[in-house]
> 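I'd like to ask you about the structure that follows.
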Amino acid sequence: MNIILLGPPGAGKGTQALRLVEAHGMRQLSTGDMLRAAVKAGTPVGLQAKAVMAAGELVSDAIVSALIGEELDAMAQDCGAIFDGYPRTAAQTESLDGILAARGRSLDHVIELAVDEDALVERITGRYTCAECGKGYHDHFEQPKVAGVCDKCGSTQFKRRPDDNEATVRTRMAEYRAKTAPILPIYDARGIVARVDGMAPMDAVTAAITAVLVQ
Ligand code: AP5
């Protein structure tokens, strides 16, 4: 099964993708994570992407589609893919169709996480991750059981994303409205969009997505 998780910054795409990976053995393909890894490694792609991401704008379609193709090529054919943060433009939607067809795959579901944008700024500016294992936390919604210690690996080092400040978040949301929301009708016309309430508690969102997948 191949699915897209679609929603604005902070909608919960990454949170839900990780849960689906754990529950169903699928693979999360997050272009944001791939680009951050490229920036950290200082690759040519990372050097191009760094300033664009810091400004909250979109990296070029060609770069992200190439990354997705490479990741799919490295996956077992029978492993399902969760596209997290891709596609984000009409051009990427078209590219994904070609990328999947060339690999004998097709899209099963597009899950739209419907959210209230005003609440997302708090979600994003409050989030942080373990610097060692990457487990996600939030200042208000998901704190470590022991303050300052990662539940998963015991590390005491945490980090925040440089683009998780309010000004950049507002730009990322504007990019979503202008370039990503318009791809929904493309998938709607194919009858594969399911809308899930992304403002519900995390477990309820997971249950709603799971209900779509087992239909
Ligand atoms: P990317 O990394 O994809 O960021 P994003 O889309 O802005 O999404 P986020 O990771 O911010 O949010 P999320 O929906 O995953 O929310 P999360 O689960 O963390 O992209 C970053 C940048 O890379 C882009 O700006 C662009 O420059 C570039 N880029 C990436 N892909 C690209 C592409 N395809 N084309 C061009 N450029 C691209 O949740 C957020 C917080 O809320 C967490 O703390 C979580 O604990 C909490 N939370 C989640 N769900 C709930 C809930 N139900 N209730 C309460 N709290 C919740």
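No experiment lies behind these values; they were computed from the predicted model shown. Counting starts at 1 for both ligands and their atoms, following the listed order. Counting begins at 1 with the first residue of the sequence.
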> Are L6 and T180 close enough that some pair of their side-chain heavy atoms sits under 4.5 Å apart?
yes
> Short N/O distance, under 3.5 Å, between G10 and ligand 1?
yes
> Examine V52 against ligand 1 and note whether any of their N/O atoms are separated by less than 3.5 Å.
no
> Nearest heavy atom to atom 29 (N) of ligand 1 wins, so pick from T168, L5, D203, L35.
L35
> Does a side-chain N-to-carboxylate-O contact under 4.0 Å join K135 and E142?
yes
> Closest by any non-hydrogen atom to atom 1 (P) of ligand 1: pick that one out of R172, R88, E142, M53.
R88
> Report the nearest protein non-hydrogen atom to atom 53 (N) of ligand 1: residue, atom name, distance rounded to 0.1 Å.
A200 O, 2.8 Å
> Can you measure from CD (Q48) to CD1 (I63) and round to the nearest 0.5 angstrom?
4.0 Å
> Decide whether the shortest distance between a heavy atom of R36 and an atom of ligand 1 is less than 4.0 Å.
yes
> If we only count N/O pairs under 3.5 Å, is T15 in contact with ligand 1?
yes
> Under 6.0 Å from the CD atom of Q77, do we count more than 12 heavy atoms belonging to anything else shown?
yes
> At what distance is the nearest protein heavy atom to atom 35 (N) of ligand 1, and which residue and atom is it?
Q92 NE2, 2.9 Å
> Ignoring hydrogens, just give me the one of V59, L6, T31, T125 whose non-hydrogen atom is nearest atom 37 (N) of ligand 1.
V59
> Considering non-hydrogen atoms of the protein only, which is the closest contact for atom 16 (O) of ligand 1, and what is the distance?
G12 N, 3.2 Å
> Looking at atom 4 (O) of ligand 1, what's its closest protein heavy atom, distance included?
R161 NH2, 3.2 Å
> Does ligand 1 have an atom that lies less than 4.0 angstrom from a heavy atom of Y137?
yes
> Roughly how far apart are Q92 CD and E94 CD, rounded to 0.5 Å?
11.5 Å
> Going from CZ on R123 to CG on D116, what distance comes out if it is rounded to the nearest 0.5 angstrom?
9.0 Å
> So, D188 and R195, do they make that salt bridge, N to O below 4.0 Å?
yes
> Should the pair R172-D164 be classified as a salt bridge under the 4.0 Å nitrogen-to-oxygen rule?
yes
> Enter the distance from D33:CG to Q28:CD here, rounded to the nearest 0.5 Å.
5.5 Å
> State the atoms of ligand 1, each with its element, that fall below the 4.0 Å cut-off from a heavy-atom position in H138.
44 (O)
> I need the contact type for V64 against ligand 1. Using non-hydrogen atoms and a strict under-4.0 Å cut-off, is it side chain, backbone, both or neither?
side chain
> Can you check which of R123, K13, R19 brings a heavy atom nearest to atom 41 (C) of ligand 1?
R123
> What are the two closest heavy atoms between L213 and M1, and how far apart are they?
O-CE, 3.4 Å
> Check this for me, if you would: do K179 and D61 make a salt bridge, where the nitrogen-to-carboxylate-oxygen distance has to be below 4.0 angstrom?
no
> Using a strict 4.0 Å cut-off to heavy atoms of A11, name the atoms of ligand 1 that fall inside it.
14 (O), 16 (O)
> What are the atoms of ligand 1, with element, lying closer than 4.0 Å to any heavy atom of M202?
46 (O), 48 (N), 50 (N), 51 (C), 52 (C), 53 (N), 56 (N), 57 (C)
> Which of the atoms of ligand 1 are close to G198, meaning less than 4.0 Å from one of its heavy atoms?
53 (N)
> Nearest heavy atom to atom 9 (P) of ligand 1 wins, so pick from R127, M199, E57, E122.
R127
> Can you sort out which atoms of ligand 1 are near G14, meaning under 4.0 Å from one of its heavy atoms?
13 (P), 15 (O), 18 (O)
> With a 4.0 Å cut-off on heavy atoms, does G7 reach ligand 1?
no
> Can you tell me how far apart OG1 (T15) and CE (M202) are? Round to the nearest 0.5 Å.
5.5 Å
> Would you give the length of the straight line joining atom CG of D78 to atom CZ of R105, rounded to the nearest 0.5 angstrom?
8.5 Å
